[in-house]
Amino acid sequence: MEVPSFPFLGAAAVAALLYALSPRRGWRETVLLIANTAFLLTFVHRPLEAIPYAAFVILGFGLVRMIGAGAPKAAYVASIVGIVAAFFWLKRYSFIPSALFLPGPYLLVGLSYVFFRVLHLAIDAREEPTIGRIGPVQYINYTLNFTALVSGPIQRYEDYRRTAVEAPAALRLAEAGEAIERVVAGLFKFMVVATFISMAQKKLAGAFHHDTALTAKAADAALLTALYPIYLFFNFSGYTSFVIGVARFFRIELPENFNQPFRALSFIEYWNRWHMSLSNWLKTYVYNPLLMVMARRVTDRRLMPYLGAIALFVTFFLIGVWHGRTSNFFFFGILNGGGVAVNQAYRVWMNERFGRKRFAELGKRPVYQFVTRGLTFAWVGFTLLWFWSDWPELGSYAGPLGAGGLAVAAGLLLAGSCLGLGLLQGLRVAALRPGIAGQPILTSRYVRTVWVTLMLMAVFAVQTVMHAAAPDVVYKTF
Amino acid sequence: MAKDPKTPPPKARSLPRRDLIILPLLVLATILAVLAPGEALVRAAYPDAEVDACAYNLSAPVLHGRAGCTSRMKTPEGPWVDVRYNECGYRTEQSCRTRPAGALRVAVIGSSTSAGFLVPYPQTMAARAAADLAGACGRPVEFQNLGMAGNTGDRILTSAREALALKPDALVLLVAPLDLESAAAPIAGPPAAAPAAQPSLRQRLVGTVTSAIADSRLLYMERYFILRNDDVYVPLYLNSSDKAGFMKAPLSPTWRARADAFETRFAAAAEMAKAQGVPMVLVFAPQRAQMAIASQGGYPDAHPELLPNELATVAESHGAGFANPLAEIPRDLPSGEIFYAVNGHLNGAGHAYVAKSLEKTLLRQAPAFAACKRP
C-alpha cells in the first residue's frame, strides 16, 4: 500500500475509528498491532518473502530483552554488532560477498527505519529499564508502527511510549483539525507540488540536451541542480506531514523531520533542520560517543574545538553512505561530511580570529545572511547531484558544459540561490507582519482553514487530471 | 547516551464555540469562491451546444435535418462544428436532386455516428470516404448522408427506402452497439400530457440543485479527465450492468434479442436493396471500451470481436458486405484519441478508421467501384 495515498488514508481512518471505540490500553494496543501487521502484510506477495524481515524483528526483540536482563558487556557489544551485521546482510551491502546473500526477493520495506528503532532499543536497553523489559506487543507496535514504517520519522521509544501508551496525546476538535491540516498539507506537498517539480525537472533535463548555446545549457544545469532539493523537500516533508497527521489519530506524536531547512544559514544548521529524526539519531548514537572517545584521547586543548569537525565528518559521512551502496553515495557522504566539517572548522577559526561576539554580530547582518543562505542551498543542491544521479549521468551533463560552462552554472546556481531565497525570506517576513493581537493573520486558524480547503481542492483536481501516480517517496528506497 | 528531554503531553485545547460554525462556513465559502468563477471560466472556455437546431419532428418515421438549414454544434471536449443540411435534409454538401455526370453515388443511413455527430464535415466518415474514393476512381463520388441521431429501429427501413429512391451505386448502413440497444424500442411519440402537479418548494430547490450539478461544466471536465483514461473507463464500462453484454460470450438473452431484432430489419432493408440491384454494406461503428480492449487487450473475459462477428454473419447471410473498422485500428492506441471521452461518439480521427474500412469493402464488393484502384 502506497503512503501517502487515499487507500492508506481510508484504511487508517477505519483503524482510527476502531482505536477510538475504547480507551482501554489493551484494546488500543491490539488495534495497533492488527493495523501494523496488516499494513506490513500489504507488501508481502508470498509468505516466504516475509521470513527474513520477521527474523530480523524477532532477533532484535530477543537481543533487547537479553540486554535488558543484564547481559555481560561482551554480549551487549556482540548484540549491537549482530544487529548491525544482520541489517547490512539483509540490505545486501556491497562490501559483503554476494555469495552470502539470501537468494530471491524478500520484504525490505522500511527495514532501515526498523533497524534504527531496534538499534536504539538495544543500545539503551542496558541503561533504561522500561526499554529492557519491553513487551512483545509494544515492541512490534513501536518498531513496525505503520504510520512511520515506510520512511520514518525515527521516533525514540520513550517518546512513543509516552504518547501511545502512558499519556495519549489529546484529540479533541482542535487537535483533530490540526491533524487533518497536516494530512492535507502533506498530500498537497506530495501529490501536487512535488509532482509538478518532478515534471519540470524532466522537462529541464530534456531541454539541457536539446539546447545548443552554452549559457542556456549552464542555466538548465543550474536550475536542475536547484530544483532537486526543492523536489526532495516537498516529496519527503509531504510524506512526513501526512504520517504525522495520521499518527495523531492514534494519539501518537511522531517527531518532526523538517524545520524550514532552506532558511538555514550554514550547512550544519541545514542538517539541524533537514531529516531531523535521522540526524538526531546519528548525533545521539554516533557523534556524541565519538566526540567523547576522541576528547578522552586528545590532550592538546588547541585541538579540542576541531574534534567536533572530525566527529561531524564521520557522522554525516555515514548519513551519506546510509543512502546507498554505490560509489556515488560514498562521494555524497564525503561531500556531506566535508561540508559540515569545513563549516565547523570555519566557525572555530572565525571565533578564534574575531571572537564569539563579533562573529555572532556578523551572522546577524542581512548581507551575510543573504550570502550564507544562498551558499548553503547551493552546496546542498551540489551534494545532492550524487544523490539523484550517478557518475555516467553526471558525465553527460558535465561533458557538454566543459570547465567554462560548469563555472557559469555554479555562478548561476549561487546567485540564483541567494536572490531566490532572499526574496522568499523577504516575502515571508512581509506576509507574517500583519497581525491581530500579536498573532500574524496568516497563521490564524481561519486563514489556515481557507488554505487547507484550497490545498485539498488542488489535490483532488490534480488527482483527477493526472493519470500517472505521484512519484514515490524518495526515502522509501533507503 | 544523550537523551532528549522529556516533555509533558500537550494539554487539550478547545475551540471557541463560534468556530464550530465559522470554520465549516469558511470551508463552504472557500469551495464556492473557487468553484463559482471556475465554473464560469470553464463554461466560457468550453461551451456546450450538443442540440442540433435543425432537427425537427422527432416522432417522424424517419428523421432529417430541416432542409437547407445550418446549425452550429459543440461538445465541450470537441471543436465547433457547422452542420449543413441540403435540400433533402441530409448532411451532405452535394445536392440530392441532381447528380453530376459520371458521379458515383453512395447513400448512407444510420443514426448519430453515420451523421458525423459533433464531427466537422470534412472529417466525417462520409466526406473522407467520398474524397478517397474519388481519388481512387478518378471520377466524382458523392455520399448522400441520410444519417441522423435517432434513426434506429424501424426507421432503418424507412431510411433505406428513401435512400434507395436516390438510385445510389451502394447503400451503406452504419450501426453501433448503442443503435442495437434502441433497435427494439418503438418510435417515441410526443410525450403524453401529465396531470399538472405543482412541485413543492423543496422539490423545486432539489430539482434546481440537482440539475445545476448535472449541468456543471467543472464536473464535465472532471468526468473527462477521469474517463479519458482507459484504465479507469474500460473497467467502469465493463461493470455497467448489461451495457457491455455485447462483449460477453455467449450473448446475454437481452443482447441476443437485440441482435435478432436488428437482423429482422437489416434483412428487410437488404431485400429492398437487392430488389433494386443496389449492393449494400453494413459498417460496424465500434463502442469506445470495445475499441480499447481490441487495441490494447488486457481483459480476457471481454470479447470485442463477438458482436462484429455476429453482424458479419448477418451481412453475409443477406448478401451484403461488411466493414469492421476494429481491424484498422493500430495496437495500443488510447481510445481517448479517437473517441470523445464523455460524449462517447467517435471524433474526427475515429471517423478516419471507419472511412478506411468502408472504402476497402466498397472497392472489394460494390460493382460500381470495381474499376477503381485499390490502395
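Atoms considered below: every heavy atom in the structure, side chains included; atoms not considered: hydrogens, waters and symmetry mates. The chains referred to below are lettered A, B, ... by the order of the sequence lines, with proteins before strands, and numbering in each begins at 1.
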- Message: Is it the case that the side chains of N343(B) and E50(B) hold a donor-acceptor pair, with the cut-off being a distance below 3.5 Å and no angle test?
- Response: yes

- Task: Give a yes or no on whether a salt bridge exists between R248(A) and E178(A), defined as a side-chain N under 4.0 angstrom from a carboxylate O.
- Result: no

- For residues 27-37 of chain B against chain A, heavy atoms under 4.5 Å, the residues are V27(B), T30(B), I31(B), V34(B), L35(B)

- For L20(B), is it the side chain, the backbone, both or neither that has a heavy atom under 4.5 Å from a heavy atom of chain A? side chain

- Message: I'd like to know if R25(A) and E166(A) make a salt bridge, using a cut-off of under 4.0 Å between side-chain N and carboxylate O.
- Response: no

- Query: How about F460(A) and F6(A): are their ring centroids closer than 6.0 Å?
  - Reply: yes

- S252(B) (side chain) donor-acceptor with K248(B) (main chain) under 3.5 angstrom: no

- Take Y285(A) and N280(A) through the test side-chain hydrogen bond (donor to acceptor under 3.5 Å, both in side chains) and record every step on the way to the result. CA-CA 9 Å; Y285(A) 295 109; N280(A) 285 339; over 6 Å; no

- Item | Step-by-step salt bridge (Lys or Arg N to Asp or Glu O under 4.0 Å) determination, D48(B) to R43(B) | CA-CA 8 Å; D48(B) 182 15; R43(B) 273 182 184 273; over 6 Å; no

- One option among R445(A), K283(A), M292(A) has the most heavy-atom pairs under 4.5 Å with chain B, and it is R445(A)

